Amino acid sequence: MHRGWKPLSRRQLLQGAAAFSLLTPGLIVPEAEAENLEKSFAWVVKHRGMVRAYTTDPVPEEKIQRLLRYAVRAPSAGNLQPWEFIVVKNPEVRTQLTKAAMNQNAVATAPVTIVTCADIQRMGSEYGTRGSFFSLVDASFATLLILLGAVEQDLGACFVGSYNSEEVATVLGLPPHVRPVGLVTIGYPAEQPQKPKTKKIPLKKLVHVDKWGET
Ligand SMILES: Cc1cc2nc3c(=O)[nH]c(=O)nc-3n(C[C@H](O)[C@H](O)[C@H](O)COP(=O)(O)O)c2cc1C
């Protein structure tokens with residue numbers, strides 16, 4: 001190696017490759033990876049917060065697809081992957097979902113809602129009664145990846161869990177073994193993430209060492 005030359009870091013290599021790929025799309029690194037070089041995991045986690053109002057701008061399909069690809073990277077008991085996703089954009093279906101979710105603003109204004117669902121049967125075939133619990137855990141992990149992915153892609157998102165399950169199932173035509181988990185409303189933010197009404201409980205009140213109550 002020449003004197004004065006240092007090996008390039010992975011970040012520098014990616015940046016160089018990203019710049020090159022902007023000139024030659026599709027080569028070296030996908031464009032989206034280039035866009036997201038600045039956002040660390042810590043940044044994404046820190047900036048995640050529920051956004052409940054959106055502009056009317058449509059969410060590009062590639063962003064939705066990216067969120068779904070993130071979702072299926074979630075851990076899954078026995079890797080049975082009980083999750084299913086209904087991507088809702090149709091204005092009529094959105095209106096029906098809004099009603100099923102007590103007219104919440106997030107559902108009403110989001111150009112896209114991904115309804116994350118759990119297939120209880122797929123999990124139950126392997127894990128019996130425990131399967132129902134596992135399928136909800138797995139679908140929740142997948143849902144969190146969508147929420148984090150939205151931050152990474154400069155989108156706003158909200159997890160809406162207060163809805164009438166039967167109504168949502170009817171609107172979406174879900175079979176009986178598929179349960180809705182969350183309505184994940186997504187769009188370009190028309191507001192900053194809202195500050196929760198309550199403060200985060202300090203870690204020292206939540207963490208126990210070796211046994212309950214020991215700090
Ligand atoms: C199980 C569950 C159900 C929720 N349901 C709703 C809901 O129906 N509507 C809503 O606006 N937010 C809902 N939230 C979001 C919470 O209100 C939010 O996560 C909490 O206030 C903390 O704020 P943060 O996520 O911005 O940190 C729900 C969150 C969870 C985990």
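Below, each value reflects all heavy atoms present in this structure, side chains not excepted, and no hydrogens, waters or symmetry copies. This one's a predicted model, so the numbers in the text were calculated from it and none came from an experiment. We count ligands from 1, going down the list as the structure has it; atoms in each ligand are counted the same way. In what follows, residues are counted from 1 in the order of the sequence shown.
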Salt bridge (Lys or Arg N to Asp or Glu O under 4.0 Å) partners of residues 100-123, not counting sequence neighbours, each pair once:
E84-R122, D119-R122
Residue E61 excluded, over 12 heavy atoms near CD under 6.0 Å
yes
Using a cut-off of 6.0 Å, state whether more than 12 heavy atoms not belonging to I201 lie near its atom CD1.
no
Mark yes or no for whether Y163, through its side chain, and V181, through its backbone, hold a donor-acceptor pair below 3.5 Å.
yes
Test side-chain hydrogen bond (donor to acceptor under 3.5 Å, both in side chains) on T185 and T113; report intermediate values, then the result.
CA-CA 4 Å; T185 56; T113 293; 5.6 Å; no
Distances under 3.5 Å, N/O of ligand 1 against N/O of the protein: list each pair and its distance.
unit_1	atom_1	unit_2	atom_2	d
ligand 1	5 (N)	G161	N	2.9
ligand 1	8 (O)	Q104	NE2	3.1
ligand 1	8 (O)	G161	N	3.2
ligand 1	8 (O)	S162	N	2.9
ligand 1	8 (O)	S162	OG	3.3
ligand 1	9 (N)	Q104	OE1	2.7
ligand 1	11 (O)	R52	NE	2.5
ligand 1	11 (O)	R52	NH2	3.4
ligand 1	12 (N)	R52	NH2	3.3
ligand 1	12 (N)	F159	O	3.4
ligand 1	14 (N)	F159	O	3.1
ligand 1	17 (O)	R52	NH2	3.3
ligand 1	25 (O)	R48	NH1	2.9
ligand 1	25 (O)	R48	NH2	3.1
ligand 1	26 (O)	M50	N	2.8
ligand 1	27 (O)	R48	NH2	3.1

Step by step, work out the side chain to side chain contact (heavy atoms under 4.5 Å, CB included) result for L183 and V168.
CA-CA 9 Å; L183 313 187; V168 168; 4.3 Å; yes
